[in-house]
Every structure is written in structure tokens, then in C-alpha cells.
Peer 1: 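Before we start, here is the structure in question, set down as C-alpha cells.
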Amino acid sequence: FNRLKSFGIFGKLFATISDGSGDVQAATKELSNRLRIHYAKDISVSSHIMRCIVHTFQLGIKATLNVISPSTKRLRTIISTIRSSRVQMAIFRKMCKVIHNEEREQPTLDVLARWNSTFLMYKQAIKERDVLMLTVSDQHIVSECAGIFLNSDDWDHIWAMKEWLETPTMLSTFLGGSKYPTLPIAFLAFKCLLNHCNKYKVLNLELATLTQNMLHQASEKCLYYLKKYEDCLNCAPARIVMFFDPRYVLMTLCVCVLW
């Protein structure tokens, strides 16, 4: 509070933007109380706080990926085993020649903190499915993989999740472009992800296939975080910004056409 006071900006404070952590919420509430006492300025937590949309994306999609966590873990083990030595990579390249009649790049391994990288891992693994299966069945690698194998259900889950991640990946790439996204554009991306999740909700789970059931659960996990923070995008500062941004209407029309 004292540091902000030294900047002389209290008269210009209009809203707070933060992630969803509890300590940030507590700090925002404390700042709001002090502003009200010392400056008679009302920046309430309930109506003047905006959550970081990219962080909300991260929370929702990470929860989504947990739905097929066992299949993903098995895929990671297989890929990390292949990448762990020159001998195993040589076997992978040999199998690439058998299947594709050419050598291929080493299989992609994701980074746990970056769901986009998990999407890329799924995408390449599907492309190299036959190669991966031949490689792990080689006698020099079977023992290294400790009997870990991907069955048809695992591959169905990986393929379905890759398809589900196409839209969030497109939106994330759009928001992370060369220019910082304005709030109205980020708001539209948020709405697009909400619509994407709702498309995969199944009305009758008893009649749903295993894959449809899985995607329904995945979408529900993501929607939990999106709906939890949706009100922050409807707070007073957000509505004012969107009202005065002439690009908002144009972007809304573009998104509707593309969607």
C-alpha cells in the first residue's frame, strides 16, 4: 500500500487484474479496504477485479487433461524411454524406415506446465502410432518400458483429446500473437472456449460411447473454471472497456462467421 502510495497513482486506480490464487485475492481485498478508508475510493473486489483469462484457460485445460491422465502417462513413458538413449533412438529410426521408408524426427515429449506441448505430443504420436508400437515391441526396449503398452482405448482417448484441444490451441495462439490482446478480444476468446466445451456435453450419458463420455467429463472440468471466473468478465471495468472499443463489434462479427 505504501509503495503504491509513493507512486501517486491512487486517483487513477480503476480495477485490478490478477490470477485466481487466494493470496492475490486477499491482497486485493486489503487494498480495497485501505482505499475506502484513506481515499474514500471504492474498488470493491466483487465488482472491480478481472481475472487473467490466459491463466483461467490454463486451469481449465489442465483439469481437462487430467481426465485421460493414465493414457497420457503411458504415452510419456514410452516416448521418454525411446528418447533416453542412442540405441533406442536408432531402433525408432529403423522402424520409421520400415513404416515410412524414411527417417523421422525424434518423438515429441511434452512439458507438464505447458498444455500446448501436450497437444503437440498427441498430434505427433497419432501420426507415428505404428512406429511407436513397433519400437516398444522391440526386444531391446520391451524391458525398458516395463511392460507399458497403449491399447486401443488409450489411442481413442488420445485422438479424441487431440481433437478437443484443437480449438483451445487456436485461441491460445491467437491471444499470444505479436501484439498484446485487448480485453474485448480476450473476452471473445473466452466465450469461444465456453461454446466449445458446451458442444461436447452429452445429454444422455447412458447412451454415450466411452469416448463421448470422456469428452463430456473433460468439458465439464474445463467449464468448472470458466464459469467460476466468468463474472469477472462482466464486471463494471470490463463492460466499460468493451463499450468504448470499436473493434469489439467487428471482432464479434468475425468470430461468429469463423465459428
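Along the sequence shown, the residues carry numbers beginning at 1.
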Peer 1: So, does Ser219 use its side chain to make a donor-acceptor pair with the main chain of His216 at under 3.5 Å?
Peer 2: no
Peer 1: Can you tell me if Ser71 and Asp154 form a side-chain donor-acceptor pair at under 3.5 Å?
Peer 2: yes
Peer 1: Glu103 versus Lys97: any side-chain heavy-atom pair under 4.5 Å?
Peer 2: yes
Peer 1: Heavy-atom distance under 4.5 Å between the side chains of Asn66 and Lys221, does that happen here?
Peer 2: no
Peer 1: Here's a test for you: under side-chain contact (heavy atoms from CB on, under 4.5 Å), which of Trp164, Tyr122, Phe119 qualifies with Leu65?
Peer 2: Tyr122
Peer 1: Report the residue from Met214, Lys73, Gln217 that forms a side-chain contact (heavy atoms from CB on, under 4.5 Å) with Ile68.
Peer 2: Met214
Peer 1: Okay, side chain of Asn213, backbone of Thr209: is any donor-acceptor separation there less than 3.5 Å?
Peer 2: no
Peer 1: Quick one, Met133 with Ser137, criterion side chain to side chain contact (heavy atoms under 4.5 Å, CB included). Give me CA distance, side-chain angles, the key distance, then yes/no.
Peer 2: CA-CA 6 Å; Met133 292 299 93; Ser137 65; over 6 Å; no
Peer 1: Are Ile78 and Val111 linked, directly or through intermediate hydrophobic residues, by side-chain heavy-atom contacts shorter than 4.5 Å (ILVMFWY only)?
Peer 2: no
Peer 1: Quick one: pull up CD1 in Ile91 and OG1 in Thr135 and give me the separation to the nearest 0.5 Å.
Peer 2: 7.5 Å
Peer 1: For a side-chain contact (heavy atoms from CB on, under 4.5 Å) with Phe92, tell me which candidate from Ile79, Val87, Leu132 qualifies.
Peer 2: Leu132
Peer 1: Which distance, rounded to the nearest 0.5 Å, do you find between the CD of Gln124 and the CG of Leu120?
Peer 2: 9.0 Å
Peer 1: Measuring from atom CD of Glu166 to atom NE2 of His196, what distance do you get when rounded to the nearest 0.5 angstrom?
Peer 2: 9.0 Å
Peer 1: Could you verify whether a donor N or O on one side chain and an acceptor N or O on the other, from Trp115 and Thr169, lie under 3.5 Å apart?
Peer 2: no
Peer 1: Return the NE2 to OG1 distance between His157 and Thr211, rounded to the nearest 0.5 Å.
Peer 2: 5.0 Å
Peer 1: Determine whether Gln106 and Arg93 satisfy the following criterion, side chain to side chain contact (heavy atoms under 4.5 Å, CB included), listing intermediate values before the conclusion.
Peer 2: CA-CA 8 Å; Gln106 63 181 354; Arg93 292 192 185 95; 5.7 Å; no
Peer 1: Work out which heavy atom in Thr56 is nearest to a heavy atom in Tyr225; give both atom names and the distance.
Peer 2: CG2-O, 3.9 Å
Peer 1: Verify the cluster assignment for Val136 and Ile126: are they in a single hydrophobic cluster under the rule of side-chain heavy atoms below 4.5 Å apart?
Peer 2: yes
Peer 1: How long is the straight-line distance from OG1 of Thr118 back to CD1 of Ile61, given to the nearest 0.5 Å?
Peer 2: 10.5 Å
Peer 1: Would you find a donor on one side and an acceptor on the other, under 3.5 Å apart, between the side chain of Asp110 and the backbone of Leu112?
Peer 2: no
Peer 1: After noting the C-alpha distance and the side-chain angles of Arg104 and Glu128, does the key distance pass the salt bridge (Lys or Arg N to Asp or Glu O under 4.0 Å) rule?
Peer 2: CA-CA 9 Å; Arg104 296 283 179 92; Glu128 303 293 355; 2.7 Å; yes
Peer 1: Could you tell me whether Glu220 and Lys201 have a side-chain N and a carboxylate O separated by less than 4.0 Å?
Peer 2: yes
Peer 1: Do side-chain atoms of Thr81 reach the backbone of Thr77 as a donor and acceptor pair under 3.5 angstrom?
Peer 2: yes
Peer 1: So, taking the atom named CG in Asn116 and the one named CZ in Phe57, what distance separates them when rounded to the nearest 0.5 Å?
Peer 2: 11.0 Å
Peer 1: In a check of side-chain contact (heavy atoms from CB on, under 4.5 Å) between Val131 and each of Ile82, Val98, Ile99, which one passes?
Peer 2: Ile99
Peer 1: If Ile, Leu, Val, Met, Phe, Trp and Tyr residues are connected whenever their side-chain heavy atoms lie under 4.5 Å apart, and connections chain through other members, are Leu134 and Phe149 in the same group?
Peer 2: yes
Peer 1: Could you tell me which non-hydrogen atom of Leu171 sits nearest to which non-hydrogen atom of Ala189, and how far apart they are?
Peer 2: CD1-O, 3.6 Å
Peer 1: Consider only side-chain heavy atoms of I, L, V, M, F, W and Y, link residues closer than 4.5 Å, and tell whether Tyr224 and Leu59 are in one cluster.
Peer 2: yes
Peer 1: Give me the atom names and distance for the closest heavy-atom approach of Gln58 to Ala113.
Peer 2: NE2-O, 2.9 Å
